[in-house]
Amino acid sequence: MNPWFDSKKTTEEIAQELLGMLVVKETDAGIVSGWIVETEAYLGEIDQAAHSYKLKKTPRLNSMYQEAGTIYIYSMHTHHMLNLVVQAKGIPEAVLIRGIEPFEGLAIMEERRAQTGFAVTDGPGKLTKAMGIDKSDDGSSILVPPLIISQKERRYPQEVELSKRIGIPNKGKWTEAFLRYSVKGNPYVSKLKGTIEPDYGWEK
DNA sequence: ACGTCGATCTCCT
DNA sequence: GGAGATCGACGTA
């Protein structure tokens, strides 16, 4: 049972509400966690940009057709991307996590990335590498360790910014749709335009 | 069995 | 802002 998945919220609403929630991954190397600062909604059957467009079914997409809270990992160009399935079983709509602000385990993340600063987690492929998220997390539930969203604490954006999804060319109206959500002024938002807020865009 | 193509990242200019 | 890296999944045969 889940406070946001079991309600009748749209995938767009859930994508927005995920901003400020805490993603936690436990590995032998230690615990790492981070606040979600950027998401994208993928609307399944009708969405030309979604992998599950027209209810396509392949072995790789199996997780997309499972119940809300299932983790869907998509790998491409040697990178892994973290998605959350957010609707009832059989409705393949998902939210892509594109950026997180490190909270716990920063040193581990820096080591995995061989980077420091915002570049550690300011992109979908970067944050999975930093947090040690890979194919082994695919199909698992976000309510069960080792990869969870904390139900205990969260933050809230001062302002949510909407924009077009990244890397979706030639998909007609779906290229133009404002289905990307980010914490305005947070430096861990990928390809950030505009200025960094002193408090990184969070409510106090 | 093979050709194509990314929901990306890095490095360079 | 753009090219190249790089590889597994998928479609076609």
Side-chain angles (χ1 to χ4, degrees), chain A residues 10-12 14-16 18-19 21 23 34 36-66 68 70-87 91-102 109-140 142 147 160-183 186-194:
Chain A
T10 65
T11 296
E12 295 97 310
I14 295 169
Q16 175 161 339
L18 280 166
L19 297 176
M21 291 198 188
V23 180
I36 298 173
V37 302
E38 179 185 354
T39 61
E40 284 178 0
Y42 285 86
L43 304 185
E45 181 172 10
I46 62 171
D47 183 354
Q48 242 183 106
H51 298 146
S52 51
Y53 178 51
K54 291 181 175 170
L55 298 181
K56 182 167 84 164
K57 281 179 178 144
T58 66
R60 183 181 65 177
L61 288 168
N62 183 51
S63 298
M64 283 279 269
Y65 291 85
Q66 305 311 310
T70 302
I71 294 161
Y72 167 54
I73 302 291
Y74 171 59
S75 57
M76 56 133 7
H77 286 95
T78 72
H79 304 290
H80 298 287
M81 274 170 264
L82 171 61
N83 293 263
L84 241 43
V85 179
V86 297
Q87 298 295 341
I91 303 178
E93 301 190 14
V95 176
L96 170 66
I97 311 298
R98 289 191 53 93
I100 61 125
E101 177 181 330
M109 294 196 259
E110 289 175 337
E111 185 178 348
R112 286 183 179 137
R113 285 276 296 132
Q115 294 268 356
T116 59
F118 304 141
V120 173
T121 54
D122 67 346
K126 298 178 189 179
L127 73 91
T128 53
K129 183 167 186 186
M131 299 189 75
I133 294 166
D134 59 30
K135 256 318 202 180
S136 69
D137 294 300
D138 182 67
S140 158
I142 198 65
L147 178 56
V160 175
E161 188 159 41
L162 275 66
S163 54
K164 297 190 282 190
R165 293 175 292 185
I166 303 293
I168 312 287
N170 310 316
K171 294 291 196 289
K173 66 183 257 194
W174 297 103
T175 291
E176 303 303 317
F178 275 46
L179 292 171
R180 175 172 175 245
Y181 306 83
S182 58
V183 178
N186 188 287
Y188 292 93
V189 173
S190 68
K191 299 177 166 62
L192 179 68
K193 293 174 186 168

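The chains referred to below are lettered A, B, ... by the order of the sequence lines, with proteins before strands, and numbering in each begins at 1.
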### Query
When you match A:A119 and A:I166 each to their closest nucleotide on DNA chain B, which lands nearer the 5' end?
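Nearest-nucleotide comparison on DNA chain B picks A:I166.
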
Do any side-chain atoms of residues 167-177 of chain A form donor-acceptor pairs under 3.5 angstrom with protein atoms, and if so which ones, sequence neighbours left out?
| from | atom 1 | to | atom 2 | distance (Å) |
| --- | --- | --- | --- | --- |
| A:W174 | NE1 | A:I46 | O | 3.3 |
| A:T175 | OG1 | A:I168 | O | 2.7 |
| A:T175 | OG1 | A:K171 | N | 2.8 |
| A:E176 | OE1 | A:K164 | NZ | 3.4 |

### Task
Please identify each residue that fulfils ring pair (Phe, Tyr, Trp, His ring centres under 6.0 Å) with A:Y74, with sequence neighbours left out.
A:H51

### Query
Quick one: ring pair (Phe, Tyr, Trp, His ring centres under 6.0 Å) partners of A:Y53, sequence neighbours excluded?
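Scan of A:Y53 (ring pair (Phe, Tyr, Trp, His ring centres under 6.0 Å), adjacent residues dropped) gives none.
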
### Task
Rounded to the nearest 0.5 Å, what's the gap from CD1 on A:I142 to CG on A:N83? Could you check?
11.0 Å

### Query
Once you round to the nearest 0.5 Å, how far does CG of A:L84 lie from OG1 of A:T11?
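Taking CG in A:L84 and OG1 in A:T11, the distance rounds to 11.0 Å.
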
### Query
Residues from residues 167-176 of chain A sitting under 4.0 Å of DNA chain B, heavy atoms only?
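Hits under 4.0 Å, by residue number: A:G167, A:I168.
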
With sequence neighbours left out, write down each residue that passes salt bridge (charged side-chain N to carboxylate O under 4.0 Å, His left out) with [X], or none if nothing qualifies.
X	answer
A:E40	A:R98
A:E45	none
A:R112	none

### Query
Contacts to DNA chain C from residues 37-62 of chain A, heavy-atom cutoff under 4.0 Å, which residues?
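Those residues are A:K56, A:T58, A:P59, A:R60.
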
### Query
Of the residues in residues 71-80 of chain A, which ones touch DNA chain C at a heavy-atom distance under 4.0 Å?
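The answer is A:H77, A:T78.
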
### Message
Using a 4.0 Å heavy-atom cut-off, does A:R113 contact any base of the nucleic acid, only the sugar-phosphate backbone, or nothing at all?
### Response
sugar-phosphate

### Query
Which part of the nucleic acid does A:R98 contact within heavy-atom distance under 4.0 Å: base, sugar-phosphate only, or nothing?
sugar-phosphate

Could you report the tightest heavy-atom contact between [X] and [Y], atom names first, then the distance?
X	Y	answer
A:V23	A:M131	O-CE, 3.5 Å
A:P92	A:S52	O-OG, 2.8 Å
A:V85	A:Q66	CG1-O, 3.5 Å
A:R165	A:D47	NH1-OD2, 2.7 Å
A:A50	A:L43	CB-N, 4.5 Å
A:T121	A:L127	O-CB, 4.0 Å

Between [X] and [Y], is there a donor-acceptor pair closer than 3.5 Å when you use the side chain of the first and the backbone of the second?
X	Y	answer
A:T128	A:H80	yes
A:Y72	A:L96	no
A:E38	A:S190	yes

#### Entry: Structure string for DNA chain B in dot-bracket form, Watson-Crick and G-U at under 3.5 Å, | interchain
||||||.|||||.

### Task
Could you check if a side-chain atom of A:L162 sits within less than 4.5 angstrom of a side-chain atom of A:Y181, using non-hydrogen atoms only?
yes

## Note on the structure
Nt span of DNA chain C in reach of chain A heavy atoms at under 4.0 Å, 5' end first, is C:dA5 to C:dG11

### Query
Nucleotide range of DNA chain B contacted by chain A, 5' to 3', under 4.0 Å to a heavy atom?
B:dG6 to B:dT10

